[in-house]
Number of protein chains: 4
Amino acid sequence: MPRPRTEDKRKRILEAAVKVFARKGYFAARVSEIARKAGVADGTIYLYFRSKEDILVKLFDEVMAEHVQQMREALRGLATTPARLRAIAERHLRVLGANRDLAVVFQVELRQSTRFMERFTASWLQDYFALLNEVMEEGQGNGSLREDLNRKVATKVFFGALDEMVTSWIIGGKGYDLGQLAIPVVDLFLQGAGAPGRIARVRPALAGAAPGRGGK
Amino acid sequence: MPRPRTEDKRKRILEAAVKVFARKGYFAARVSEIARKAGVADGTIYLYFRSKEDILVKLFDEVMAEHVQQMREALRGLATTPARLRAIAERHLRVLGANRDLAVVFQVELRQSTRFMERFTASWLQDYFALLNEVMEEGQGNGSLREDLNRKVATKVFFGALDEMVTSWIIGGKGYDLGQLAIPVVDLFLQGAGAPGRIARVRPALAGAAPGRGGK
Amino acid sequence: MPRPRTEDKRKRILEAAVKVFARKGYFAARVSEIARKAGVADGTIYLYFRSKEDILVKLFDEVMAEHVQQMREALRGLATTPARLRAIAERHLRVLGANRDLAVVFQVELRQSTRFMERFTASWLQDYFALLNEVMEEGQGNGSLREDLNRKVATKVFFGALDEMVTSWIIGGKGYDLGQLAIPVVDLFLQGAGAPGRIARVRPALAGAAPGRGGK
Amino acid sequence: MPRPRTEDKRKRILEAAVKVFARKGYFAARVSEIARKAGVADGTIYLYFRSKEDILVKLFDEVMAEHVQQMREALRGLATTPARLRAIAERHLRVLGANRDLAVVFQVELRQSTRFMERFTASWLQDYFALLNEVMEEGQGNGSLREDLNRKVATKVFFGALDEMVTSWIIGGKGYDLGQLAIPVVDLFLQGAGAPGRIARVRPALAGAAPGRGGK
DNA sequence: AATGAATGAGAGTTCATTCAT
DNA sequence: AATGAATGAACTCTCATTCAT
């Protein structure tokens with residue numbers, strides 16, 4: 001068992017945890033198996049993490065810290081709202097599509113309990129929804145999105161659509177490229193499914209909308 | 001100790017289970033607590049269910065059997081595709097919006113593990129996606145939906161949007177009426193978020209789409 | 001399921017119990033399985049027996065009551081000590097050899113615990129040893145057995161030999177006729193294994209012998 | 001809480017198990033009681049043994065491994081067949097007579113079920129019977145045992161006699177010295193109970209004998 | 001007498017976490 | 001820092017027994 005003395009131990013533990021959580025599920029995952037896969041002793045895990053739960057939480061925080069950061073940067077260079085939405089969708093799908101185990105942890109294991117869900121929402125998702133809201137608000141300002149767009153609903157629909165793409169991809173197990181779905185999803189989001197000219201806008205899209213996760 | 005002979009025992013156990021699963025999470029839920037809440041002895045549970053997991057599975061199957069059935073019937077009387085989509089959305093949101101504990105079980109506990117997820121997908125979700133697909137295919141036939149609509153993507157977007165509405169509602173904990181979101185969600189799905197006339201349809205919504213859960 | 005109203009129910013329960021105890025072992029035997037095999041309801045068993053243990057105890061008592069009785073009668077007609085010992089051995093081996101399940105219960109299940117063993121010894125075995133002692137004492141009196149025979153040891157050796165024949169027969173599973181072993185066992189007991197004339201009786205067979213089960 | 005590092009833990013657990021099994025019986029014995037008596041935590045037992053049953057099985061194997069070995073060695077120095085049979089009997093009785101709890105486990109607990117019995121027979125008893133067979137065959141060869149001796153029957157009678165001595169000693173609870181019974185038992189086995197010169201050998205000791213446990 | 005649904009006490013085993021080395 | 005043996009709390013499920021019918 002190679003035991004590099006460099007302190008990538010923490011990283012090795014996190015990587016091992018992703019695999020074990022993804023394959024066994026959080027509850028069925030054994031700390032000792034994570035340790036074995038990381039090439040460390042059981043007790044060593046507790047030098048880096050407070051508890052089994054802490055591994056999951058830190059895993060999430062670390063991945064998120066990296067990608068939310070990158071996402072904001074990626075948007076800087078993009079001029080139009082559709083381009084920005086596409087970039088967001090693509091990054092969302094590519095990050096999770098690149099590592100099925102990580103995707104399983106994010107789509108399944110992290111939603112183990114309302115407790116995790118709330119944490120999940122409170123930290124990263126909040127930011128994500130705020131970002132979507134900004135982009136859409138700007139889109140409304142520059143005329144690329146409907147003025148009457150209910151952004152609360154729209155941000156959730158957008159996120160929900162992407163989220164379901166990822167979940168379907170995991171469950172389906174068919175191994176297609178998740179990232180390529182960004183364009184059709186965003187196109188559908190922008191254009192709608194209705195035939196052009198056919199949908200009379202009988203009523204403005206609900207005025208009094210609901211707050212929700214991500215809502216401020 | 002009263003020995004109620006009525007055979008609502010099974011039902012009482014399921015109702016108690018919904019509450020306990022919703023509040024504690026499936027793993028942390030104790031069979032003895034379900035029994036206590038149902039007013040039966042621990043052992044009695046095992047006269048009606050094979051195991052703790054069986055309670056969750058049966059819970060799901062029973063609720064689904066009822067609502068998938070009702071949903072198909074509800075669609076019979078509806079003429080237009082938008083009306084049908086709205087009916088589907090409304091039922092989806094109202095059923096879960098009417099019982100927060102049940103919603104938690106469906107949104108959170110049932111997704112505990114890929115094992116449950118797969119079961120979930122294989123049984124009910126499959127039907128649900130098939131139904132959405134039919135309605136959309138018909139919509140394309142009668143001209144109310146775009147001919148170039150990628151139904152694989154569209155059904156997932158539609159489902160994902162509703163699913164996220166429910167999850168947000170649970171997590172947000174703000175207690176608004178979930179059912180009222182059906183109309184804005186469906187409207188957004190049909191019209192799209194883009195300003196009318198502004199989105200040049202640069203490319204047809206992706207031809208070669210991905211299969212996935214619900215895909216046939 | 002035929003349910004003869006005659007009150008052979010008790011007998012049917014005992015017969016079912018022999019089978020179930022023999023096949024599963026006393027601890028693994030389920031009262032409900034005995035009930036099923038006997039064609040009665042679980043609760044009915046408790047109208048005839050106080051407990052699961054009571055079934056085993058009564059089973060033993062009933063079989064014994066019958067055979068100890070018969071054994072004493074059978075000896076009446078026999079003149080010589082060797083004939084009497086052969087009759088005892090033959091009955092012992094034939095009774096158990098005729099019903100493997102019963103033999104299993106007597107050889108294995110009834111020796112589950114020192115508690116059963118002590119009961120077993122206190123009731124029937126005591127009588128059995130007393131009978132053997134009588135026959136041997138008489139044999140010493142009429143000159144057919146050695147005068148210096150230590151009867152305490154001899155009765156145990158005789159019983160132990162038969163007991164081992166039965167156990168071997170059960171475990172071996174070869175299905176030969178157990179009863180036919182009576183003659184060689186008794187012959188060996190009487191003649192000894194030593195070559196005639198070769199064994200110098202260096203010392204009288206232990207004067208101060210041990211008391212033991214069956215011993216008074 | 002002292003954390004004794006010495007690795008006699010395994011031995012302490014086995015010793016505790018002998019006591020608890022002997023006093024309570026295998027089924028009624030509680031793992032937690034064995035742990036308490038051994039001065040270890042419940043879980044520690046499972047670092048050394050796979051299960052409660054494994055404790056019993058290992059207990060048996062370990063004791064046997066030691067004594068079968070010693071028995072063969074002890075026979076090397078002995079010239080005559082009677083001396084060898086006496087040595088076997090003495091060792092058998094002394095080993096079990098030295099530790100009543102161990103004797104209870106071997107005579108009673110290990111015969112809990114046909115499953116244990118078969119294991120018991122298949123492993124050690126087989127060897128024991130083979131050894132007895134060898135010694136007796138040799139005795140026939142050197143003229144110290146009858147030529148017509150049915151060794152199948154004789155080995156079982158010999159073993160059964162010793163086995164019953166042990167069982168009687170346990171049940172009787174009178175605390176005499178078990179080892180001293182070796183001589184009278186072996187003498188009886190060799191000389192027989194019949195008065196010399198009185199038993200006309202009417203028929204040769206059964207030719208077609210039964211196979212059985214220990215039989216090849 | 002008979003039923004069988006209901007009871008509820010009870011225990012083997014696992015595994016996250018600790019801590020002496 | 002690292003180890004891994006030891007800990008002990010915790011929980012599902014079984015099944016002998018009861019008792020309302």
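Throughout, protein chains are lettered first and strands after them, A, B, ... in sequence-line order, and every chain is numbered starting at 1. This one's a predicted model, so the numbers in the text were calculated from it and none came from an experiment.
The side chain to side chain donor-acceptor pair (under 3.5 Å) pairs that include a residue from residues 25-45 of chain B are B:Lys24-B:Glu33, where partners are two or more places apart or lie in different chains.
For A:Tyr46, the side-chain contact (heavy atoms from CB on, under 4.5 Å) partners are A:Val31, not counting sequence neighbours. For A:Val166, the side-chain contact (heavy atoms from CB on, under 4.5 Å) partners are A:His92, A:Leu93, A:Leu96, A:Ala103, A:Gln107, A:Ile170, A:Leu178, not counting sequence neighbours.
Under a 4.0 Å N-O distance rule, the pair B:Glu62/B:Arg10 qualifies as a salt bridge. With respect to D:Glu53 and D:Lys58, no salt bridge is recorded, no charged nitrogen being found less than 4.0 Å from a carboxylate O.
Note: CZ (B:Phe49) to P (F:dT12) measures 15 Å, nearest angstrom. Protein atom NZ of D:Lys9 is 11 Å distant from nucleotide atom P of F:dA5, rounded to whole Å. We find that CD1 of B:Ile55 is positioned 11 Å from C1' of F:dT12, with the value rounded to whole Å. Between C:Leu47 atom CG and F:dC19 atom C1' the separation is 11 Å, expressed in whole Å. Separating the CD1 atom of A:Ile34 from the P atom of E:dC15 is a distance of 13 Å, rounded to the nearest angstrom. Atom pair D:Arg36:CZ and F:dG8:P shows a separation of 14 Å (rounding to whole Å applied).
Residues of residues 15-23 of chain B that place a heavy atom closer than 4.0 Å to DNA chain E do not occur.
Aromatic ring orientation, A:Trp124 versus A:Phe60: perpendicular (interplanar angle above 60°, classes split at 30° and 60°).
For B:Asp8 (side chain) and B:Lys11 (main-chain N/O), no donor-acceptor pair under 3.5 Å exists by modelled atom type. A distance-only check finds no donor-acceptor pair linking the side chain of B:Arg111 to the backbone of A:Arg111 [under 3.5 Å]. Without hydrogens or angle criteria, D:Arg12 side chain to D:Ala38 main chain gives a donor-acceptor distance under 3.5 Å.
Environment of NZ in B:Lys19: sparse, with no more than 12 heavy atoms of neighbouring residues, nucleotides or ligands closer than 6.0 Å.
Nearest to the side chain of B:Thr44, among E:dA6, E:dG8, F:dA6, sits E:dA6.
Under the 4.5 Å side-chain criterion, counting only non-hydrogen atoms from C-beta, A:Phe116 is not in contact with B:Val108.
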Note, DNA chain F 5' to 3' with Watson-Crick or G-U pairs under 3.5 Å encoded as ( ), [ ], | and . gives .||||||||||||||||||||
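Listed pair A:Tyr48 / F:dA1 fails the phosphate criterion, with no side-chain N or O lying under 4.0 Å from OP1 or OP2.
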Take nucleotides 9-14 of chain E nucleotide by nucleotide from the 5' end and write B, S or -, depending on whether a protein heavy atom sits under 4.0 Å from the base, only from the sugar-phosphate, or from neither.
-> --SSBB
